[in-house]
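Take a look at the structure below.
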Amino acid sequence: MQPLRAASADPGFVPGLTGATDEPRDAVRDDVPDEASDEATELVGADASDASEGETEDEAGAAPADGPVFEAADRRGRIVADAEGVRLSYDDEACEFRWDELAAVESEKGRFGKRFTVTVHTPDRRWYPIDLLAPDRGRIAAWETELDAVLDAYFDDEAP
């Protein structure tokens, strides 16, 4: 009897999703030479050690950036806007935008409650909203003021 080859049994057989082969998965893994994996391990190890050394040098010698910085966070989400751009993170997901990649940044406070929403728009008509819960309503007003100061300092809304 031949094994079941259906998408419900193995997502590898969905056309276009991944390349499905008739070979068993272990046979495909055995085709990769050990030399290539050893070289990759050496390169990754070298990059990791270089990166860790560079971080300590940057942290010690880096001067704080001049200009306003906006940072707001709750238990799940975080937004940081500074001279480099805007960084959004929510749980394990994160995205980063430079100022020249942005078409608009808008903020909105909830009508009731303590919700603060920041939406980042890109020129290709995509938007990335993030909702934060403020500790109190007064904090939302402070966040809006800080975000406006950062946008005034770094965001150029003039068309080139």
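Side chains are part of it too, since the values below use all heavy atoms of this structure and drop only hydrogens, waters and symmetry mates.
With rounding to the nearest 0.5 Å, the separation of CG in Leu132 from CZ in Arg75 is 11.5 Å. Note that CG of Asp131 is 5.0 Å distant from CZ of Arg115, once rounded to the nearest 0.5 Å. In this structure, the separation between OH on Tyr128 and CD1 on Ile79 is 14.0 Å, given to the nearest 0.5 Å. Atoms CD and CH2, from Glu84 and Trp99 in turn, are 11.0 Å apart once rounded to the nearest 0.5 Å. Separation of atoms CD1 (Ile140) and OG (Ser107) is listed at 10.5 Å; rounding is to 0.5 Å.
Note: the hydrophobic cluster containing Val80 does not contain Leu102 (ILVMFWY, side chain heavy atoms under 4.5 Å, direct or indirect links). Put simply, Tyr154 and Leu151 are part of the same group of oily side chains (I, L, V, M, F, W, Y) that touch within less than 4.5 Å, one to the next. Placement of Leu133 and Leu147 in two distinct hydrophobic clusters is found when ILVMFWY residues are connected by side-chain heavy-atom separations under 4.5 Å, directly or transitively.
Contact check for Phe97 versus Leu88: side-chain heavy atoms found under the 4.5 Å cut-off. In this structure, the side chains of Glu144 and Lys109 come closer than 4.5 Å at one or more pairs of heavy atoms. In this structure, the side chains of Glu106 and His121 come closer than 4.5 Å at one or more pairs of heavy atoms.
Sorted by first then second residue, the salt bridge (charged side-chain N to carboxylate O under 4.0 Å, His left out) pairs that include residues 133-143, not counting sequence neighbours, are Arg139-Glu146.
Although no hydrogens or angles enter the test, the distance criterion places a donor-acceptor pair under 3.5 Å between the side chain of Glu101 and the main chain of Arg98. When atom types are taken as modelled, the side chain of Asp91 and the backbone of Glu93 share no donor-acceptor pair closer than 3.5 angstrom.
Aromatic ring orientation, Trp143 versus Phe70: perpendicular (interplanar angle above 60°, classes split at 30° and 60°).
The nearest pair of heavy atoms linking Ile130 to Gly77 is CD1-CA, 4.3 Å.
At a threshold of 4.0 Å, the pair Asp82-Arg87 counts as salt-bridged, since one of the basic side-chain nitrogens sits closer than that to a carboxylate oxygen.
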* To do: Before giving the answer on side chain to side chain contact (heavy atoms under 4.5 Å, CB included), spell out for Val105 and Val118 the whole-Å C-alpha distance, their side-chain angles and the decisive distance to 0.1 Å.
  => CA-CA 7 Å; Val105 177; Val118 176; 4.1 Å; yes

